[in-house]
Amino acid sequence: MAIKRRKFLVTSALSAILTVAVAACASGGSGTAEDGTRRLVMATSADYPPYEYVDSSSGTQEIVGFDVEIAQYITEELGYELEIQNIDFNSLIPALQANRADFVMAGMTPTEERRQNVDFSDVYYEARNTIVSRQGSGLTSPESLAGKAVGVQLGSTQEQAARDLEGLDLKPLNRITEMIQELKAGRIDAIIMEDTVAEGFLASNPDLEANDIPNTGEAGSAIAFPQGSELRDEFNPVLQEMISSGKMDELITKWFGDESPAADELAE
Ligand code: ARG
């Protein structure tokens, strides 16, 4: 497939080994493929359809989604190979800090707090918070959540938003899929999550409903990099090109559909 590229590197076994060693030192996350193409490691939390999820329908357990296709497009455009690692959301920033990954795409919001520890690309998609609850529960506003058991993803901006609403019985959990199970089983009363992701879960769970709440903090998704990584300046122009060429709209329609409120926003 990519055998053509930089054949000269494999002409000497020694130089190939040195290249791998050097690349491994420069950035623990990445490596160099046998043909000399640099491989970038993307870390994600694949519990977030349609941004990223494990496709169990194909039997391959492949990680697919909106973020994955953006990552594939950008890395291919820049001549990198892509490797995807699936870890808990709360471990993504530590993975960048330890250079175990070259970048993170996980529908991650560029917050002020995170900016202390990682660098972010431009924002490529918007979303807002919504309360997911069982149909007819009446949990439609932030005020109605007082005293209720509310699930949020550990380390997410939704956890922060929920902490800002006082008097909740907060249940931070690792995986979104786990939270939906807890809600359906009645072990929690509601979940605060993003509308873009809630929509998909509602479609397959008619016993649940969602009610948007006003955004308080930052919103939207951006790509995260280790602080000072040169990749940000390589990725941003490709991201902008995807937006201006209509490629991004194409992917938004493919993964979120025309109805998506966030898609409307971005098209403005
Ligand atoms: N946008 C929110 C945040 O940055 C939630 C992202 C959750 N992503 C995921 N892959 N589970 O905190």
Side-chain angles (χ1 to χ4, degrees), residues 41-56 62-72 84-97 101 103-132 150-165 170-183 190-202 210 212-225 251-252 255-256 260-263 265-266:
V41 175
M42 160 177 152
T44 191
S45 169
D47 63 342
Y48 218 50
Y51 293 83
E52 47 266 326
Y53 59 100
V54 179
D55 181 13
S56 41
E62 211 186 332
I63 298 171
V64 297
F66 176 58
D67 282 345
V68 175
E69 266 202 74
I70 296 174
Q72 281 164 342
I84 299 179
Q85 280 175 10
N86 184 13
I87 59 181
D88 283 345
F89 187 77
N90 198 35
S91 305
L92 292 172
I93 290 190
L96 288 178
Q97 289 179 297
F103 67 100
V104 160
M105 285 189 80
M108 185 179 273
T109 305
T111 63
E112 244 357 275
E113 196 184 339
R114 289 174 181 157
R115 280 183 200 283
Q116 311 297 312
N117 297 307
V118 295
D119 289 345
F120 282 102
S121 72
D122 301 333
V123 167
Y124 59 86
Y125 199 53
E126 297 287 346
R128 62 173 71 91
N129 288 342
T130 192
I131 300 171
V132 176
V150 178
V152 284
Q153 186 160 42
L154 188 67
S156 68
T157 50
Q158 289 68 41
E159 179 183 4
Q160 193 50 56
R163 290 196 186 283
D164 293 344
L165 299 171
L170 213 59
K171 307 280 186 208
L173 291 165
N174 270 322
R175 296 266 162 182
I176 299 277
T177 33
E178 194 186 331
M179 294 195 293
I180 299 283
Q181 300 299 321
E182 293 294 292
L183 177 61
I191 300 170
I192 300 181
M193 62 192 291
E194 281 176 317
D195 58 347
T196 43
V197 173
E199 251 174 61
F201 283 108
L202 290 195
D212 285 356
I213 52 180
N215 267 351
T216 42
E218 296 97 332
S221 303
I223 309 171
F225 304 92
L251 293 182
I252 291 170
W255 292 101
F256 297 91
S260 159
E265 233 164 67
L266 206 83

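When a ligand or atom number is given, it counts from 1 through the structure's own listing order. Numbering of residues begins at 1 and proceeds along the displayed sequence. Scope of the values below: all heavy atoms of this structure, side chains included, with no hydrogens, waters or symmetry mates.
The closest non-hydrogen atom to atom 3 (C) of ligand 1, taken over T157, D88, N90, T44, comes from T157. Considering S45, G155, G107 only, the shortest heavy-atom separation from atom 1 (N) of ligand 1 involves G107.
Contact annotation: E159 has no heavy atom less than 4.0 Å from any atom of ligand 1. Using a non-hydrogen distance threshold of 4.0 Å, Y51 does not register as a contact of ligand 1. Proximity of M193 to ligand 1 is not established, as no heavy-atom distance is less than 4.0 Å.
Between Q153 and D47, the closest side-chain pair of non-hydrogen atoms falls below 4.5 Å. Looking at I192 and I213, their side chains come closer than 4.5 Å, going by heavy atoms from C-beta outward. You'll find the side chain of T44 stays beyond 4.5 Å of the side chain of Q85, heavy atoms only. With contacts defined as side-chain heavy-atom distances shorter than 4.5 Å, the pair Q116/I93 does not qualify.
Contacts with ligand 1 closer than 4.0 Å are made by no heavy atom of Q160, backbone or side chain. For T111, no heavy-atom contact with ligand 1 is shorter than 4.0 Å.
Within the listing of ligand 1, atoms 12 (O) sit less than 4.0 angstrom from a heavy atom of S156. Listed by atom number, the atoms of ligand 1 under 4.0 Å from R114 heavy atoms are 3 (C), 4 (O), 12 (O). Near E52, with a cut-off below 4.0 Å to any heavy atom, the atoms of ligand 1 are 10 (N). The atoms of ligand 1 that sit less than 4.0 Å from any heavy atom of Q153 are 7 (C), 8 (N), 9 (C), 11 (N). Those atoms of ligand 1 that come under 4.0 Å of a heavy atom in D47, given as number and element, are 9 (C), 10 (N), 11 (N).
One finds the CE atom of M108 at 13.0 Å from the OH atom of Y51 (value rounded to the nearest 0.5 Å). Distance check: E182 CD to T177 OG1 gives 11.0 Å after rounding to the nearest 0.5 Å. A distance of 11.0 Å separates CD1 in I87 from CG in N174, rounded to the nearest 0.5 Å.
Between Y125 and F66, a ring centre-to-centre spacing shorter than 6.0 Å is recorded.
Between Y48 and ligand 1, not a single N/O pair is under 3.5 Å apart. Annotation: M108 places no N or O atom under 3.5 Å from an N or O atom of ligand 1; distance criterion only.
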Begin from the C-alpha positions of D88 and L154 and carry the test side-chain contact (heavy atoms from CB on, under 4.5 Å) through to its verdict.
CA-CA 9 Å; D88 283 345; L154 188 67; over 6 Å; no
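Shortest contact from atom 5 (C) of ligand 1 to any protein heavy atom: Q158 OE1, 3.3 Å. Closest to atom 8 (N) of ligand 1, if we only count protein heavy atoms, is A106 O, 2.8 Å.
A donor-acceptor pair under 3.5 Å is absent between the side-chain atoms of T130 and the main chain of D195, judged by distance alone.
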